[in-house]
Amino acid sequence: MPAGLRLLPGWLDREAQQALLGEIRAVVAAAPLFTPVMPRTGTPFSVRMTNCGPLGWVSDRAGYRYQPLHPVTGQPWPAMPQALLDLWRELAPDAPLPEACLVNFYGPKARMGLHQDKDEATFEVPVVSVSLGATALFRLGGRSRKDPTRSFRLASGDVLVLGGEARLAHHGIDRLLSGTSTLVRDDGRINLTLRRVTPG
DNA sequence: TAGTCACT
DNA sequence: ACAT
């Protein structure tokens with residue numbers, strides 16, 4: 001494993017997953033899911049997204065960016081659930097608090113191409129990723145897009161920390177495994193990505 | 001290259 | 001590999 005990568009299988013028990021899911025449903029009620037599109041081309045993503053916390057990640061024809069307001073409602077993003085702040089404190093005790101929690105909703109056919117999380121103004125702080133629902137085939141590469149990749153499963157309750165050398169590793173979701181979600185309806189998957197955006 | 005598509 |  002690359003230094004700075006931590007895969008924590010089953011970090012959240014079923015009860016914690018259900019509690020978190022409830023919090024996320026409340027976030028979605030206040031900040032409805034939207035379909036991001038690619039810069040320039042406008043090609044839609046197959047995942048739908050929303051955010052919570054002071055800043056949210058969005059993609060539209062103008063580009064990728066963090067912004068304080070929901071692109072459709074114009075309202076501020078809902079507050080970050082305390083459970084996520086607690087998780088962050090536990091896994092990144094020395095880091096400043098996260099400013100953004102990107103909530104990605106995957107249907108059974110949704111995918112996410114290889115990419116880097118590099119729209120933040122600092123890379124010194126780890127990214128913390130929480131999986132809920134269907135099991136996904138996750139692909140992890142290196143800092144260069146040409147670096148070799150490997151894939152492994154991310155199941156509900158797994159937590160992934162990308163820090164240090166792994167902070168700028170390319171990563172993506174190849175596909176979901178059908179029939180693996182007992183938490184989210186319709187074989188869905190939810191990924192929560194906690195990020196510090198500013199150096200703090 | 002956070003997208004798709006062709007081909008192996 | 002494409003094409004923004």
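Throughout, a chain's letter reflects where its sequence line sits, starting with A, and its residues are numbered from 1. Just so it is clear, the values below take in all heavy atoms, side chains as well, and ignore hydrogens, waters and symmetry mates.
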Residue pairs meeting salt bridge (Lys or Arg N to Asp or Glu O under 4.0 Å), one or both in residues 190-200 of chain A, sequence neighbours left out, come to Glu99(A)-Arg196(A), Asp117(A)-Arg195(A), Glu120(A)-Arg195(A)

If you restrict it to nitrogen or oxygen atoms, what contacts under 3.5 Å exist between nucleotides 6-8 of chain B and the protein, and what is each distance?
none

With sequence neighbours left out, what residues match Asn191(A) under side-chain contact (heavy atoms from CB on, under 4.5 Å)?
Asn104(A), Tyr106(A), Ser129(A), Ser131(A), Arg189(A), Thr193(A)

Cluster companions of Leu137(A) among Ile, Leu, Val, Met, Phe, Trp, Tyr (side-chain spacing under 4.5 Å):
Leu177(A)

Look up atom SG in Cys52(A) and atom CG in Leu84(A), then write down how far apart they are to the nearest 0.5 Å.
6.0 Å

Suppose we screen for side-chain hydrogen bond (donor to acceptor under 3.5 Å, both in side chains). Which residues come up paired with Ser156(A), at least two apart in sequence or across chains?
Gln17(A)

Dot-bracket for DNA chain C, 5' to 3', counting Watson-Crick or G-U wobble pairs under 3.5 Å, with [ ] for crossing pairs and | for inter-strand pairs?
||..

Which residues in residues 97-116 of chain A have a heavy atom closer than 4.0 Å to any atom of DNA chain C?
none

Taking the six-membered ring for Trp, are Phe34(A) and Trp77(A) parallel (under 30°), tilted (30 to 60°) or perpendicular (over 60°)?
tilted

Is there a side-chain contact (heavy atoms from CB on, under 4.5 Å) between Val58(A) and Arg65(A)? Walk through the geometry before answering.
CA-CA 6 Å; Val58(A) 300; Arg65(A) 65 190 173 278; 3.8 Å; yes

Can you name the side-chain contact (heavy atoms from CB on, under 4.5 Å) partners of Lys118(A), sequence neighbours left out?
Gln116(A), Phe123(A), Leu168(A)

Arg14(A) meets the side-chain contact (heavy atoms from CB on, under 4.5 Å) criterion, sequence neighbours left out, with Gln18(A), Thr182(A), Leu183(A)

Mind checking side-chain contact (heavy atoms from CB on, under 4.5 Å) for Pro9(A) and listing every partner two or more places apart, or none if nothing turns up?
Leu7(A), Asp158(A)

What is the distance, rounded to the nearest whole Å, between atom CZ of Arg145(A) and atom C1' of dC2(C)?
11 Å

Any side-chain donor near an acceptor of the partner, His171(A) and His115(A), under 3.5 Å
yes

Within residues 36-58 of chain A, residues whose heavy atoms come under 4.0 Å of DNA chain C:
Arg40(A), Thr41(A)

Within the structure shown, what part of the strands sits under 4.0 Å from Asn191(A) by heavy-atom distance: base, sugar-phosphate, or nothing?
nothing

Any side-chain to backbone donor/acceptor pair from Thr50(A) onto Ala31(A)? Under 3.5 Å, distance only.
yes

Check side-chain hydrogen bond (donor to acceptor under 3.5 Å, both in side chains) between Glu90(A) and all other residues, then give those that pass, not counting sequence neighbours.
none

